[in-house]
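Each chain gets a letter, A, B and so on, in the order the sequences are listed, and its residues count up from 1.
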Amino acid sequence: MRGMKLSNQEIAGIFYEIAEFLAMENIQFKPRAYEKVASAVESLDESVYDIYKKEGLKGLKNIPNVGESIAEKIEEIVKTGRLKYYEELKKRTPIDLKGLEKIEGLGPKGIRKLYKEIGIKNLDDLEKAAEAGKIRELDGFGKKAEENILKGIEFAKQSGSRFILGYAMTEISEVIEGIKSLKEVQKIKVVGSARRKKETIGDIDILVQSDSPKPIMNYFVGMPGVVRVYDHGENKSNIRHKNGMDMDLRILPEESFGAALLYFTGSKEFNIELRKIAVKKGEKLNEYGLFKEIRNKKEKRIAGKTEEEVFEKLDMQYIEPEMRENQGEIELALRNKLPKLIGYGDLKGDLQIQTNWTDGSNTIEEYAKEAIKLGLEYILITDHTKRLAMTGGLDEKGLLKQIKAIDKANEKFKNKNFRILKGSEVDILKDGTLDIKDEVLKKLDIVGASVHSYFNLSREEQTKRLIKAMENKNVDIIFHPTGRIINRRKAYDLDIDEIIKTAKRTKTVLEIDAYPDRLDLKDEHIKKCVDAGVKLAIDSDAHAIPHMHYLKWGIAQARRGWAIKNDIINAHPLGKLLKFLKQ
DNA sequence: GCCGTTTTCGGCCCGACTGTTTTCAGTCG
């Protein structure tokens with residue numbers, strides 16, 4: 001095999017681009033076929049190189065939506081690192097497709113026209129042509145189109161990555177509160193990827209139930225912070241907010257609200273599958289409801305008021321929003337075999353908290369009081385250890401001192417059915433040993449260990465390092481196992497399957513760090529752990545009191561990984577939790 | 001290009017809004 005190995009993500013990118021090129025040529029159905037493959041490759045948890053190595057062409061064809069022709073194309077990529085078909089398409093139309101399609105309102109047909117008629121290849125060309133007034137002269141374009149292109153270029157220049165859900169939610173809530181205050185609003189709900197609790201979101205979709213949409217729409221497009229209005233209709237409007245987010249508002253009446261909720265929550269692939277199920281039953285599903293044709297083409301709405309009703313009429317179980325990704329959940333729902341996901345109120349404790357003994361802002365007691373308010377029964381204090389000098393990490397002596405302080409603090413909560421547990425976030429050194437002696441670790445209730453250095457070790461070394469830490473009998477949990485920070489730092493290179501295998505063998509728990517920009521493990525890793533029977537902990541990683549409220553984002557991530565209550569050790573009462581741990 | 005309780009050909013999810021149309025194509029989600 002020659003050339004650079006492409007990631008699944010990059011290969012998916014190629015197929016997305018091919019879809020786009022084919023759409024430009026006005027070719028029917030093929031673009032959709034390539035898109036589907038791109039999305040399937042993107043969500044694989046095994047590299048296509050590994051699949052090909054193990055099972056060859058046949059393995060590739062087992063990827064959903066991959067047939068003869070595309071399997072061969074993937075094979076070519078694996079073998080040569082290139083794809084001739086793609087390169088020829090690019091040669092025929094040598095343009096910066098990815099850049100140009102960022103412009104809102106500009107699609108494949110428009111891009112093709114701009115290239116064919118006035119030779120526009122990239123955003124620079126486009127900007128110059130628009131400024132020179134050349135766009136408006138083209139058939140099918142006009143003055144308005146030219147203006148929109150200029151605005152689009154400006155936004156494309158300043159818009160960056162996707163937004164982190166847990167952080168964006170605060171600002172979203174303000175907008176929601178504003179809309180909610182209108183008397184015409186009967187119900188309001190954030191839908192789209194935010195309701196599915198994806199870790200990052202591209203835009204905000206909002207759904208309102210109302211019988212008089214007009215005043216609501218008028219408020220929405222004119223509310224404070226709106227910098228651009230893309231659409232302003234009776235049922236649907238779309239704006240850009242000054243915080244950089246695009247927001248979509250749809251308004252429907254009560255009889256359609258459930259169907260609309262279902263539709264606008266997505267995912268797109270999930271919706272398409274659901275609609276196909278309806279079609280097979282001779283019915284039609286859209287955002288207004290589930291419809292059955294009665295005599296002479298007249299339709300009757302058989303469901304639509306609630307999501308539950310629509311699922312029921314489709315003869316399937318209710319599917320939680322976090323699962324709606326068309327990753328097998330639909331089949332399970334049809335067979336009445338869905339797992340019962342861990343609930344948002346199911347946690348009994350928080351197992352990662354940093355106090356003012358190191359780099360946290362609050363005292364042990366303050367955290368305990370907040371935990372009681374949140375309905376928790378225990379917390380684990382996990383301050384950093386000595387190698388992390390910049391946090392004032394504790395050494396053996398410091399830890400022993402903290403143990404005594406916790407004993408004393410526990411006196412105060414005796415009557416409250418609440419316990420503060422003694423723990424630590426021990427540093428895993430380069431060779432996999434720990435920076436605190438075993439004889440001290442032994443005295444703690446629960447020990448978490450994590451990596452804070454040498455992020456650039458080779459996959460083999462990094463994996464070995466973590467395995468060694470897991471093999472330590474005192475280590476109960478590995479905190480933030482992959483080390484990624486969303487939009488800021490890549491995960492360190494790790495053989496996650498080996499880590500999961502070792503976790504199973506050594507009875508080590510892996511953490512779902514609930515901090516909004518960590519969410520480490522990722523949903524697909526969680527799914528693997530659940531399948532392998534590896535236990536997980538959901539922790540806030542709080543460095544201050546408000547951070548304890550992040551636990552819900554960890555639960556959301558666990559639900560996206562199909563975890564049930566029994567998979568999460570801190571969903572258990574204290575006694576049962578302690579039995580799970582090593583020794 | 002893929003896929004199959006309408007199986008190896010003939011389908012492929014469905015609807016809102018805009019701009020430039022004079023009944024609709026393109027784009028988006």
Side-chain angles (χ1 to χ4, degrees), chain A residues 15 18-40 60-74 85 100-114 135-149 152 191-193 196 201-207 213 217 221 229-239 246-252 256 259-260 262-291 299 315 326 334:
Chain A
F15 287 129
I18 291 175
E20 219 44 46
F21 275 121
L22 295 173
M24 283 175 66
E25 308 282 343
N26 214 1
I27 292 166
Q28 298 298 304
F29 306 113
K30 279 199 199 185
R32 184 83 196 102
Y34 276 98
E35 254 176 52
K36 282 200 279 193
V37 169
S39 143
L60 296 177
K61 273 164 81 175
N62 282 337
I63 300 169
N65 305 309
V66 172
E68 193 78 38
S69 165
I70 293 186
E72 280 169 14
K73 289 187 172 70
I74 298 176
Y85 177 64
L100 289 170
E101 70 184 3
K102 272 191 208 144
I103 306 300
E104 177 83 23
L106 195 56
K109 305 285 158 59
I111 291 172
R112 177 182 155 87
K113 185 158 228 165
L114 289 167
I135 308 282
R136 67 180 75 181
E137 292 165 7
L138 296 175
D139 260 2
F141 289 84
K143 205 176 147 207
K144 199 82 191 205
E146 196 170 83
E147 281 169 21
N148 282 339
I149 282 173
V191 287
S193 48
R196 301 201 311 280
I201 53 175
D203 59 8
I204 310 300
D205 300 294
I206 302 166
L207 180 66
M217 282 303 179
V221 299
V229 179
Y230 299 106
D231 307 319
H232 180 188
E234 280 262 322
N235 305 300
K236 176 188 177 207
S237 293
N238 188 212
I239 58 117
D246 287 340
M247 300 190 182
D248 245 21
L249 177 62
R250 290 288 305 245
I251 306 180
L252 288 103
S256 295
L262 192 56
Y263 174 48
F264 294 114
T265 298
S267 65
K268 190 177 164 188
E269 296 300 327
F270 177 85
N271 285 339
I272 291 174
E273 287 311 308
L274 235 54
R275 286 173 177 206
K276 281 188 194 161
I277 291 172
V279 169
K280 260 184 218 154
K281 294 166 68 79
E283 295 160 7
K284 184 180 73 174
L285 178 63
N286 59 28
E287 59 264 55
Y288 297 100
L290 181 64
F291 297 89
E299 286 178 335
D315 293 319
N326 191 29
L334 287 167

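- Looking at heavy-atom distances under 4.0 Å, A:Pro31 makes no contact with the nucleic acid at all.
- Comparing the P positions of B:dT21 and B:dT27 gives an interatomic distance of 15 Å, to the nearest angstrom.
- Contacts of A:Leu138 with the nucleic acid, taken as non-hydrogen atoms under 4.0 Å apart, are absent.
- A:Arg32 comes within 4.0 angstrom of nothing in the nucleic acid, heavy atoms only.
- Within 4.0 Å (heavy atoms only), A:Gly192 reaches no atom of the nucleic acid at all.
- A distance of about 25 Å separates the P atoms of B:dC28 and B:dT23, rounded to the whole Å.
- Remark: the separation of the P atoms in B:dC13 and B:dC2 is 16 Å, to the nearest Å.
- If you take atom C1' in B:dG4 and the same atom in B:dT8, they sit 9 Å apart, rounded to whole Å.
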Worked verdict on A:Lys276 versus A:Glu273 for salt bridge (Lys or Arg N to Asp or Glu O under 4.0 Å): CA-CA 5 Å; A:Lys276 281 188 194 161; A:Glu273 287 311 308; 3.4 Å; yes
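- Here the range on DNA chain B touched by chain A, meaning any atom under 4.0 Å from one of its heavy atoms, is B:dG1 to B:dG29.
- Note on A:Lys30: a base of the nucleic acid sits closer than 4.0 angstrom, heavy atoms only.
- Note on A:Val37: nothing from the nucleic acid sits closer than 4.0 angstrom, heavy atoms only.
- Residue contacts for A:Lys284: at a heavy-atom cut-off of 4.0 Å it reaches the sugar-phosphate backbone alone, with no base atom in range.
- You'll find the side chain of A:Glu234 stays beyond 4.5 Å of the side chain of A:Ile251, heavy atoms only.
- Listed by chain and number, the residues in a side-chain hydrogen bond (donor to acceptor under 3.5 Å, both in side chains) with A:Glu20 amount to none (sequence neighbours excluded).
- In this structure, A:Asn235 CG and A:Met217 CE are separated by 6.5 Å, a value rounded to the nearest 0.5 Å.
- Taking atom P on both nucleotides, B:dG11 is separated from B:dT6 by 15 Å, rounded to a whole Å.
- By the 4.0 Å N-to-carboxylate-O rule, A:Glu101 lies too far from A:Arg112 to be salt-bridged with it.
- For the atom pair CG of A:Leu106 and CD1 of A:Ile135, the computed distance is 8.5 Å after rounding to the nearest 0.5 Å.
- Among the heavy atoms of the strands lying under 4.0 Å from A:Gly140 are primed sugar atoms or P, OP1, OP2 only; no base atom is included.
- Glycosidic conformation, B:dT7: syn, with the torsion inside 90° of 0.
- Here A:Glu234 lies in heavy-atom contact (under 4.0 Å) with sugar-phosphate atoms only.
- Taking for each of A:Lys276 and A:Pro64 the nucleotide of DNA chain B with the nearest heavy atom, the 5'-most of the two is the partner of A:Pro64.
- The P atoms of B:dG10 and B:dT20 are separated by 41 Å, rounded to the nearest whole Å.
- Among the heavy atoms of the strands, none lies under 4.0 Å from A:Phe264.
- Using a 4.0 Å heavy-atom distance criterion, A:Glu273 is classed as making no nucleic acid contact.
- Under the Watson-Crick or G-U wobble criterion, with both distances below 3.5 Å, B:dT8 has no partner in any strand shown.
- If you check every strand for non-hydrogen atoms under 4.0 Å, A:Leu285 touches sugar and phosphate atoms only.
- You'll find the side chain of A:Lys284 reaches within 4.5 Å of the side chain of A:Asn286, heavy atoms only.
- Nucleotides B:dC12 and B:dT7 have their P atoms positioned 14 Å apart, rounded to a whole Å.
- DNA chain B is contacted by both A:Asn148 and A:Asp203; A:Asn148 maps to the nucleotide lying nearer its 5′ end (nearest heavy atom per residue).
- A:Leu274 comes within 4.0 angstrom of nothing in the nucleic acid, heavy atoms only.
- Within the nucleic acid shown, A:Lys61 has no heavy atom closer than 4.0 Å to any nucleic acid atom.
- Both cation-pi conditions hold for A:Lys73 and A:Tyr85: the charged atom is under 6.0 angstrom from the six-membered ring centre and inside a 45 degree cone around its axis.
- A salt bridge is defined here as a Lys NZ or Arg NE, NH1 or NH2 lying under 4.0 Å from an Asp or Glu carboxylate O, and A:Glu35 with A:Arg32 meets this definition.
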